[in-house]
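Since we're looking at a predicted model, the values are computed, not measured. In what follows, every heavy atom counts, from backbone to side chain, and hydrogens, waters and symmetry copies are set aside. To find a chain, count down the sequence lines: A is the first, B the second, and so on, and within it residues start at 1.
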Amino acid sequence: MADNAAVLREWYRVHSRDLPWRKTKDPYKVWISEVILQQTRVIQGTPYYHRFLKTFPDVKSLASATVEKVLGVWEGLGYYRRALHLHEAARQVVEQHGGKFPVHYKDLIRLKGIGDYTAAAIASLCGGEAVPAIDGNVRRFLCRLYQLSLNPASASDNQYLKKIAVGFLQHHDPGTLNQALIEFGALQCTPGLPDCQMCPFQAECLACQNGVVELLPVRPGRIKPKTRYFTYILYVWRENGIPFVLIRQRATKDIWAKMYDFPLIESTEGFTSAEYGTKPDSGIPEPEPATVRQWMSETYIHQLTHQRIEARFLMKQLSAAPALVPQGCFKINLMEFRGLAKPRLISRFLDNAGWDLR
DNA sequence: AAGACGTGGGA
DNA sequence: TTCCCAAGTCT
């Protein structure tokens with residue numbers, strides 16, 4: 001084959017973006033950037049990269065932080081499990097590597113939240129290891145270049161793709177080559193409407209020659225999002241004129257693991273304020289003291305990749321703090337709650353209807 | 001091995 | 001409005 005690696009290096013020399021995490025070979029910083037960029041656009045992740053490193057400049061500061069603090073910095077980025085894994089992996093590094101962040105694939109792959117791609121990226125960028133870092137960009141480029149209808153769920157297909165990528169890493173700086181492969185997929189060999197006229201591989205690209213660029217790589221079938229109906233119950237009261245609410249920390253299995261929101265009734269259908277309490281599964285008992293007045297918010301539609309949440313907020317204003325706090329809930333002053341990590345849905349509600357709570 | 005896990009942006 | 005995502009990992 002023509003020297004694709006050389007073509008790619010030259011393309012990268014000319015076209016690579018000046019991204020903040022490319023200025024360093026510190027594996028800690030590269031790790032943070034790689035995790036932030038998982039399933040996340042550069043434009044969306046960049047402010048978080050700066051904020052995260054400012055808050056946690058090194059692995060030890062991250063390891064010694066509380067999980068609440070880590071989640072708080074991550075608030076708004078999504079896929080919050082990443083923040084939990086980051087925290088856990090930092091502790092692993094302190095305990096198992098004396099706080100020195102590893103740069104070898106075999107060590108990296110053992111860390112929580114670091115999979116095949118991220119381990120290879122850090123190992124090649126920071127350790128010079130010749131391991132292929134195949135992300136969505138690289139997969140797209142290679143599948144098109146060689147017209148491969150690989151099954152993304154097939155382990156053997158992915159092994160095959162790795163062998164092809166390794167071919168690009170021979171005799172050169174593997175970190176730079178991996179970066180170049182990724183950048184090429186991100187900027188030139190884009191998912192939709194790539195500008196193949198401008199592509200240095202135009203003559204060699206099998207997908208381009210055969211007019212199947214748009215069909216590759218093969219995408220897994222998409223599942224239609226399921227609708228869930230949330231009715232949040234907001235117990236609101238005042239202490240010395242300051243508004244308080246009842247909140248709770250979410251479980252680890254469902255969406256928004258370990259983040260904070262309000263007591264919640266989930267139903268198979270939405271129900272109205274009037275229906276609240278009349279349906280069998282509208283659980284939470286009437287508080288003591290009794291509700292002074294209550295009203296229902298408008299419906300908030302929260303569209304996610306795999307689910308659509310229709311949420312409403314039933315405000316129940318109490319004359320004083322509830323005598324009995326439901327299991328798992330606790331009282332908090334509304335201002336303090338603003339400082340806790342919460343899903344976007346809750347932030348939106350607070351920004352929007354927060355006035356009602358005063 | 002398939003499904004879950006978020007968000008904001010663009011077509 | 002609705003759909004498709006964007007530098008994956010975990011279970």
Side-chain angles (χ1 to χ4, degrees), chain A residues 12 16-17 19-22 30-49 71 74-86 88-89 108-122 124-125 132-142 151-158 161 165 175 178-193 214 217 219-228 250-259 261 300-309 311 341-348:
Chain A
Y12 184 69
S16 69
R17 291 168 292 182
L19 300 172
W21 43 89
R22 296 213 174 124
V30 171
W31 171 51
I32 300 302
S33 76
E34 290 297 343
V35 173
I36 285 177
L37 262 19
Q38 288 169 5
Q39 301 289 284
T40 305
R41 289 184 163 81
V42 167
I43 186 70
Q44 190 183 359
T46 301
Y48 284 85
Y49 174 76
L71 267 178
W74 207 264
E75 179 178 325
L77 232 204
Y79 282 154
Y80 299 102
R81 211 65 57 92
R82 292 181 292 177
L84 303 180
H85 290 334
L86 234 31
E88 193 175 333
L108 291 160
I109 195 68
R110 303 178 61 88
L111 298 176
K112 198 73 179 175
I114 294 188
D116 191 40
Y117 161 74
T118 304
I122 300 172
S124 67
L125 260 37
I134 303 186
D135 69 348
N137 293 309
V138 179
R139 157 178 283 274
R140 186 169 57 248
F141 170 47
L142 295 180
N151 174 3
S154 159
S156 59
D157 279 12
N158 289 327
L161 195 59
N178 275 332
Q179 283 284 329
L181 282 165
I182 294 167
E183 190 80 334
F184 189 82
L187 298 184
Q188 173 62 46
C189 198
T190 53
L193 303 174
E214 290 294 320
R219 289 280 176 201
R222 196 156 279 273
I223 314 118
K224 195 182 165 96
K226 287 166 187 160
T227 300
R228 299 171 70 177
R250 293 183 60 82
T252 49
K253 318 96 189 170
D254 199 3
I255 191 174
W256 302 323
K258 301 194 87 163
M259 301 187 82
D261 63 2
Y300 286 71
I301 308 292
H302 197 69
Q303 187 68 51
L304 304 168
T305 302
H306 296 299
Q307 52 186 284
R308 169 194 159 91
I309 295 171
K342 64 193 85 56
R344 262 297 196 253
L345 169 63
I346 303 299
S347 300
R348 273 204 295 145

- Rounded distance in Å - CD1 (I255(A)) to P (dG3(B)): 17 Å

- With a 4.0 Å cut-off on heavy atoms, is R228(A) in touch with a base, just the backbone sugar-phosphate, or nothing at all? nothing

- OP1 or OP2 of dA4(B) less than 4.0 angstrom from a side-chain nitrogen or oxygen of W256(A), does that happen here? no

- Message: Students often get this wrong, so: under 4.0 angstrom with heavy atoms, is L304(A) touching a base, only sugar-phosphate, or nothing?
- Response: base

- side chain to side chain contact (heavy atoms under 4.5 Å, CB included) filter on Q38(A), not counting sequence neighbours, yields V35(A), R82(A), T118(A)

- Note on the structure: Among dT2(C), dC5(B), dT7(B), the one nearest any side-chain atom of Y80(A) is dT7(B)

- Query: Rounding to a whole Å, what distance do you find between D116(A):CG and dG8(C):P?
  - Reply: 12 Å

- Message: Applying a 4.0 Å non-hydrogen cut-off, can you work out what Q303(A) is touching in the nucleic acid: base, sugar-phosphate, or nothing?
- Response: base

- Whether S124(A) side chain and A121(A) backbone form a donor-acceptor pair below 3.5 Å: yes

- Item | Sugar-phosphate only, base, or nothing, as touched by R250(A) at under 4.0 Å among non-hydrogen atoms | nothing

- Task: Would you mind classifying the nucleic acid contact of P220(A) as base, sugar-phosphate or nothing, using non-hydrogen atoms under 4.0 angstrom?
- Result: nothing

- Task: Round to the nearest Å and state the distance from K258(A) atom NZ to dA4(B) atom C1'.
- Result: 18 Å

- With C1' as the reference atom in both, quote the distance from dA1(B) to dA6(C) in angstrom, rounded to an integer. 23 Å

- Query: Between dT11(C), dG8(C), dA6(C), which nucleotide gets closest to the side-chain atoms of K112(A)?
  - Reply: dT11(C)

- Taking dC3(C), dT7(B), dG8(C) as options, the one with an atom nearest any side-chain atom of Y117(A) is dG8(C)

- Nearest listed nucleotide, side chain of K224(A), among dG6(B), dC3(C), dT7(B): dC3(C)

- Message: Which residues in residues 31-44 of chain A have a heavy atom closer than 4.0 Å to any atom of DNA chain B?
- Response: Q39(A), T40(A), R41(A), Q44(A)

- Which residues pass the side-chain hydrogen bond (donor to acceptor under 3.5 Å, both in side chains) test with R344(A), sequence neighbours left out? none

- Message: Measure NE2/H85(A) against P/dG6(B) and give the value in whole Å, please.
- Response: 10 Å

- Message: Quick one, L37(A) with D135(A), criterion side chain to side chain contact (heavy atoms under 4.5 Å, CB included). Give me CA distance, side-chain angles, the key distance, then yes/no.
- Response: CA-CA 11 Å; L37(A) 262 19; D135(A) 69 348; over 6 Å; no

- Measure from OH on Y79(A) to P on dT9(C) and round the result to the nearest Å. 12 Å

- Any donor-acceptor pair under 3.5 Å linking the side chain of R250(A) with the backbone of D261(A)? no

- Query: Using the P atom in both, what is the distance from dT1(C) to dG6(B), to the nearest Å?
  - Reply: 24 Å

- Task: Report the distance from atom CZ of R82(A) to atom C1' of dC5(B), rounded to the nearest whole Å.
- Result: 10 Å

- Under 4.0 angstrom, heavy atoms only, what part of the nucleic acid is W74(A) near: base, sugar-phosphate, or nothing? nothing

- Assert: residue with more 5' nearest nucleotide on DNA chain C, out of I134(A) and T305(A), is T305(A)

- How is R219(A) classified with respect to the nucleic acid when contacts are heavy atoms under 4.0 Å: base, sugar-phosphate, or nothing? sugar-phosphate

- Message: Under the rule for side-chain hydrogen bond (donor to acceptor under 3.5 Å, both in side chains), what residues qualify as partners of E88(A), not counting sequence neighbours?
- Response: none

- Message: Rounded to whole Å, how long is the line connecting atom NE2 of H306(A) with atom P of dT7(B)?
- Response: 13 Å

- All side-chain hydrogen bond (donor to acceptor under 3.5 Å, both in side chains) counterparts of N151(A), not counting sequence neighbours: none

- Item | Any residue meeting side-chain hydrogen bond (donor to acceptor under 3.5 Å, both in side chains) with S347(A), in chain and number order, not counting sequence neighbours | E75(A)

- Task: Measure from the side chain of R344(A), starting at C-beta and using heavy atoms only, and say which of dG8(C), dT7(B), dC3(C) lies closest.
- Result: dT7(B)

- Query: For the pair made of NZ in K342(A) and C1' in dT7(B), what is the distance, rounded to whole Å?
  - Reply: 16 Å

- Message: Looking at N158(A) and S154(A), would you say the former's side chain and the latter's main chain have a donor-acceptor pair under 3.5 Å?
- Response: yes

- Item | Pairwise 5' ranking along DNA chain C for G192(A) and P225(A), keeping only the more 5' one | P225(A)

- What does R348(A) touch in the nucleic acid at a heavy-atom separation under 4.0 angstrom: a base, only the sugar-phosphate, or nothing? nothing

